[in-house]
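Here's the structure we're looking at; comments come further down.
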Amino acid sequence: MCGIFGIVTDKEQLLGPILVEAARRLTYRGYDSVGAATLNGSKIDLRKDAGRVDDVAARYNLAEMTGQRGITQLRWATFGEPSQVNAQPHLDSDGDLVGAHNGNVVNNVELRQQFMAEGLLVRSHNDGESCVHAVERHLNRGHGFIDAIRLAHADLQGDYAFVIGRINEDCLYAIKKGSGLVVGLGEGFTCVSSDLPSLLPLTRTILRIQDGEIITLWPDRVELHSVKDGSPIAREPETVTQTMEAVQKGGYAHFMLKEIHDQPQVAREVLHMLQGSPDVQPVLDRIAAARHVYFIGCGTSYHACLAGAVYFGQLAGKAVIPVVATQFISQYLPAVGPGDVGIFVSQSGETKDVLNALQPAEQRGMTCYGLANVIGSTLTKTTAAWLPLCCGYEISVPATKTFTNQVVTFLYLAYRLAGRDPRELDSIPELMEQTLALAAPQVEAITPSVNAWNDLYCLGYSATYPMALEGALKLKEITYAHCEGMISTEFKHGPLAAVTKGFPVLFIAGPEDVPLIVSGINEVTCRGGRAIAIAQADPRLEANASDIITIPVAPPQVSSLLAVLPLQLLSYYMCVARGYDPDFPRNLSKTLTVD
Ligand code: AGP
C-alpha cells in the first residue's frame, strides 16, 4: 500500500520537516521508496529514491526543502522495481506538473505506450507517473485543470487516489477513486492524506472525501467537484474529537473488530499487488520444478500453510508438505536439499521458531521464500524473495486480516500454478463484505448460549479443516475456553464421548462436503448435542443442524476462506461478553521472538 500526503500553505516556508514527519506517519502501510516535492512560484524541487524514510531524508536532505506547497509519497512497488526513477512524486514531460498516487492503475502498460506515442516524456515504469501524464495530456489539449482531471479519471482504470500541482499556482488538486483520502484544514494551510490518523497531529478539522470527488486545496479553503459532471459539491468540515487511539480503531470498539472488518479491503490490496508483482512467476516456476515443497509457519500462519497445501493439491495437483516450523527442523531438515522449495509464512516476520527453521534450510540448499506482513522484518531480509501481505498494521494480538491475506495469497498462487484465471478471485473482497454483513447478526444471536460452555469443538473437512483449526485457535486465544479444532470424520473416533445435552459442536461445511458433514451432525444431535453449521444455505443442513450460520455462495476453496469470518466474530463476541480484552489476551504476545 502506498501513502500520499500534500500540503498547501499561504507563503513559502520550510516544508521539509512537515513532509518527512507525514511520511513517517504513513510508514505503517509498507513501502520501499520515498519522495518529496515542493513547489514555489515557477520552481519544483523534487527529491526521491528507494529506501527507508530516514535514509532517503538524510541522503537527500529532505528537511531543508522549502516551498509554498509540498507533496510526499511512500511507494510500495507494483509497476516497476524500487528505484530512484520509479519512486514518486513524478514530473510531467516539461517539468511544470508534479504528482503522486496511491493505488493501482491497472491499464498502466497501455497508457504508457499511448503517452509515448503522443510524444510525452515517460521516464519510469510506475503507474503514478501515468496519473501525471493523464492530466498533462488533457491540459495540453486546452482543458482547465478540473476538466483535465475528470478526463484523466476516464483514462485511468483501477483504484487509486492522487495529488498533483502545477508551477505558478497556489493550489494542489487531488482525486479519490477507490483508495483512501482525507482532507485537513488548519490555520494558514490545508492538507490531504491517505488516512485520517496521519493528519491529526496537524489539524482536527477534516473533510471526508468520497469516491469520484476532485479536491482543490487552497491555503485557506478547499473546493470539491464531482468527477461526473464537474459540478461543485458542498460539504461542511467536521471536528475530530476522538483520541488518536479511537481514530486508529476506525470507530470500532477494539482493534480486533476493526481488523476483522478491514479484511475485504486488504484482500483487494493483496490481489492487486499479486496481479502486478514480478516475483510471482519466478516463485511459481521454482515450485513447479521443485522436488519437495514445504509451507512452514506457526500458530495462525501454520493454519494458512495447511490451507495453502489443500489448495495446491486440489487445484494444481501439486503435493505440498505443510509443517509447523519446529517440527520441520526435527522431521524434515535431514531430508532437505537443493531442488526443494520452502515458503516461510509469518505475519511478523520475526517469529523465532520460523527463523530457526529458515537458516539451516538455506544452508542445506533449499530455495526459501517469505510471506510476511511486516516489511523490513528479518524474514523479508533473509529470504531469496518474499511476498507482502499488504495488511498495514495488525495491532490486535489475534491475527485476523493477516491470516485471510495469507490464505488469499496461497489461493492466488494455486490458481496461477493450475493455469486458472486468477481474476476469478476478484470477487473475494465483495464476498467477504457480504459474509460479515450476513454472519454478524446470526453469530450475535447464538453467542450467549454458546458462551455458557467452556468446552467446544470446531470441525471441518477438506478445505475447511484448516479453518476449523483457525477458528478453534481464535476461540481459545481470546475467550480462554477450551476449543479443539479437528477433521470432522475424526470426531467419532474419540471426542464424541464428550457430547452431552446441549454440548456445542461447530461444523464448517464446504459446498462439496455436505453429505459427510450431515453424518457428523447427526452423530452429535442424536446424543443430545448441539450442531451449529457454518455453510452456504443448504436444505440438507437446514434439516439436520441445530443452527445454521449462512455464508454466501462461492466455489469450495473461496467458501472455506469465507467460513473463518463468522468464527472470528464468534470468538470476538464471546470474549467481549466474558469481559476480556480481545486485543491483548493474557499470556500472549504479538511477536514471539523466543524459543
Ligand atoms: C494468532 O492469532 C496468534 N497470535 C499466533 O498463533 C501467531 O499466528 C503465531 O505466533 C505466529 O506469528 P507470526 O505469523 O508472526 O509468525
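Just so you know, these numbers come straight off a predicted model, no measurement behind them. Below, all heavy atoms of this structure are taken into account, side chains as well, without hydrogens, waters or symmetry copies. Order of appearance sets the numbers: ligands from 1, and atoms from 1 within every ligand.
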Proximity to ligand 1 by part of Glu477, non-hydrogen separation under 4.0 Å: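 Under 4.0 Å from ligand 1, Glu477 contributes side-chain atoms alone.
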Side chain or backbone of Thr300 under 4.0 Å from ligand 1, or both, or neither, by non-hydrogen atoms?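 For Thr300, backbone and side-chain atoms both sit under 4.0 Å from ligand 1.
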Is [Y] paired with [X] through a side-chain N to carboxylate O contact shorter than 4.0 Å?
{"X": "Arg530", "Y": "Asp547", "result": "yes"}
{"X": "Glu433", "Y": "Arg268", "result": "yes"}
{"X": "Glu394", "Y": "Lys590", "result": "yes"}
{"X": "Asp54", "Y": "Arg24", "result": "yes"}

Where ligand 1 meets [X] - atom numbers and elements under 4.0 angstrom, heavy-atom basis:
{"X": "Ala399", "result": "1 (C), 2 (O)"}
{"X": "Ser346", "result": "13 (P), 14 (O), 15 (O), 16 (O)"}
{"X": "Pro398", "result": "2 (O)"}
{"X": "Leu592", "result": "10 (O)"}
{"X": "Cys298", "result": "8 (O), 9 (C), 11 (C)"}
{"X": "Gly299", "result": "6 (O)"}
{"X": "Ser301", "result": "8 (O), 13 (P), 14 (O)"}
{"X": "Gln347", "result": "13 (P), 14 (O), 15 (O), 16 (O)"}

Closest protein heavy atom (residue, atom, distance) for atom 15 (O) of ligand 1: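 For atom 15 (O) of ligand 1, the nearest protein heavy atom comes out as Ser348 OG, 2.7 Å.
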Heavy-atom side-chain proximity of Ile487 to Leu459 below 4.5 angstrom: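 A side-chain contact is absent here, since even the closest heavy-atom pair is not under 4.5 Å.
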Contact check, Val397 vs ligand 1, heavy-atom distance below 4.0 Å: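 The answer is yes, since Val397 has a heavy atom less than 4.0 Å from ligand 1.
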Give a yes/no on ligand 1: does Lys474 have at least one heavy atom closer than 4.0 angstrom to it?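 So Lys474 counts as touching ligand 1.
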Among Val354, Thr351, Leu371, which one has a heavy atom closest to atom 12 (O) of ligand 1?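 Among Val354, Thr351, Leu371, the closest heavy atom to atom 12 (O) of ligand 1 comes from Thr351.
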Cation-aromatic face contact Arg586/Tyr480, 6.0 Å, 45 degrees: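 Yes, Arg586 and Tyr480 form such a contact.
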Would you kindly check if the NZ (Lys) or CZ (Arg) of Arg286 is within the cone defined by 45 degrees around the ring axis of Tyr369 and under 6.0 Å from the six-membered ring centre?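 No, cation not above the ring by the 6.0 Å, 45° rule.
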Looking at Tyr465, Phe503, Phe507, Tyr457, which one forms a ring-ring contact (aromatic ring centres under 6.0 Å, His included) with Phe491?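 For Phe491, the ring-ring contact (aromatic ring centres under 6.0 Å, His included) check succeeds only for Tyr457.
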Should the pair Tyr294 and Phe328 be assigned to parallel (<30°), tilted (30 to 60°) or perpendicular (>60°) ring geometry?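 Ring orientation, 0 to 90° scale: perpendicular.
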